[in-house]
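Indexing begins at 1, ligand by ligand and atom by atom, following the structure's order.
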Amino acid sequence: MALAEAVAKWGVVVVAAGRGTRMGTAESKQYLLLRDKPILVHTLETFETMDEIAEVCVVVGQQDVERCEGWIPQYGLHKVKSVAAGGSERQHSVQLGLEALSGDVDWVMVHDGVRPFATHRAVRACMAKAAATGAAVLAVPVKDTIKQVNEGGVITATPERRSLWAIQTPQAFRRSLLQRGLRQAAADRFVGTDDAMAVERLGVPVSVAEGDYTNIKITTPDDLPYAEFLLASRERGRRADT
Ligand SMILES: Nc1ccn([C@@H]2O[C@H](COP(=O)(O)OP(=O)(O)OP(=O)(O)O)[C@@H](O)[C@H]2O)c(=O)n1
Ligand SMILES: C[C@](O)(CO)[C@H](O)COP(=O)(O)O
């Protein structure tokens, strides 16, 4: 591990204040059970055993703050030091989570509460790349040919596939850089779909660290059986290791 990374104090903002409209369930998708535990708890457990992480802030809907505070003792989520109420857009939830982290956290990762399969290897790759460059996101090269299509359903462009990556979380930044990007985005009334966009807009390069295709964001109902399969595979892998 690089020296800068070893001495840095890392915090994680796990955003989970969305409504999950594409999932279409009465209960927001982050609270659906994956085997025995809510999806969000599986996600939070990712960071529990990482010594590099000093603290986690989980951002949820105002109505869910108490329930999530109760999870800290129930599931032994000792790294979760705060539960914050989120905002109307993901970006606002990120901003509120950043404000809740303690003052001495100087590097941050933002992670979707509905990505429970980020591996420690991939998270560490993202942290290492950010420590070396200032800002990095996990991503995988796209496998399909991607087309741009107009409102009439007609293809207007085929971008070169070699340059296309599907972006995931965690996304890792020097805290002051992400804060500056989010402040500027708010001043410009710009709302991005990921955290890197706020930093890219400053003209600051954001690097990519190669992740895993299995780090899925649980978004639509067809993701649920695949998530069950991934959980079972991970547990089989763990049993084989012991
Ligand atoms: N105002 C919001 C919107 C989203 N998120 C979180 O951002 C992550 C990624 O967003 P997405 O998958 O789009 O979740 P939802 O916004 O809940 O889904 P949908 O767009 O289908 O409503 C999720 O963990 C979600 O809870 C958030 O914290 N605050
Ligand atoms: C941040 C993200 O998960 C990267 O893939 C994604 O952009 C979130 O987008 P969504 O519109 O909130 O699903």
* Structure fact -> In ligand 1, the atoms that come under 4.0 Å of a heavy atom of Glu89 are 1 (N), 2 (C)
* Close-contact set for ligand 1 against Lys217 heavy atoms, below 4.0 Å -> 9 (C), 11 (P), 12 (O), 13 (O)
* To do: Report the member of Arg90, His92, Gln91, Arg115 with the shortest heavy-atom distance to atom 2 (C) of ligand 1.
  => Arg90
* Asked: Numbering the atoms of ligand 1 from 1, which are under 4.0 Å from a heavy atom of Ser93?
  -> 1 (N), 2 (C), 27 (C), 28 (O), 29 (N)
* **From the candidates Met23, Arg22, Lys29, the one that places a heavy atom nearest atom 20 (O) of ligand 1** => Arg22
* Report the member of Ala16, Ala17, Gly97, Gly20 with the shortest heavy-atom distance to atom 18 (O) of ligand 1. => Gly20
* Asked: Regarding Ser207 and Lys129, is there a side-chain donor-to-acceptor distance under 3.5 Å anywhere?
  -> no
* Structure fact -> Note: ligand 1 atoms sitting under 4.0 Å from heavy atoms of Arg19 are 17 (O)
* Treat each ILVMFWY residue as a node, draw an edge where side-chain heavy atoms are under 4.5 Å apart, and state whether Leu202 and Phe173 are in one component. => yes
List ligand 2's nitrogen or oxygen atoms that come under 3.5 Å of a protein nitrogen or oxygen, with the partner atom and distance.
from	atom 1	to	atom 2	distance (Å)
ligand 2	3 (O)	Asp112	OD2	2.6
ligand 2	3 (O)	Arg115	NH2	2.9
ligand 2	5 (O)	Arg115	NH2	3.0
ligand 2	5 (O)	Ile167	O	2.5
ligand 2	7 (O)	Thr193	O	2.8
ligand 2	13 (O)	Arg22	NH2	2.8
ligand 2	13 (O)	Lys217	NZ	2.6

* Identify, by atom number and element, the atoms of ligand 1 in contact range of Ser88, meaning under 4.0 Å from any of its heavy atoms. => 1 (N)
* Look at atom 1 (N) of ligand 1 and find which of Ser28, Gly24, Gly87, Gly18 reaches it with the closest heavy atom. => Gly87
* Does Gly86 come within less than 4.0 Å of ligand 1, judged by its heavy atoms? -> no
* Verify the distance criterion only: is there a donor paired with an acceptor across the side chains of Thr119 and Asp212 at less than 3.5 Å? => yes
* Structure fact -> Closest to atom 9 (C) of ligand 1 among protein heavy atoms sits Asp112 OD1, 3.5 Å
* Asked: Between Arg234 and Phe117, is NZ or CZ placed under 6.0 angstrom from the six-membered ring centre and within 45° of the ring axis?
  -> no
* Structure fact -> For Gly113, the atoms of ligand 1 under 4.0 Å from one of its heavy atoms are 24 (O)
* Short N-O contact, Asp104 and Lys9, less than 4.0 angstrom -> yes
* Which atoms of ligand 1 have any heavy atom of Val114 under 4.0 Å away? -> 23 (C), 24 (O)
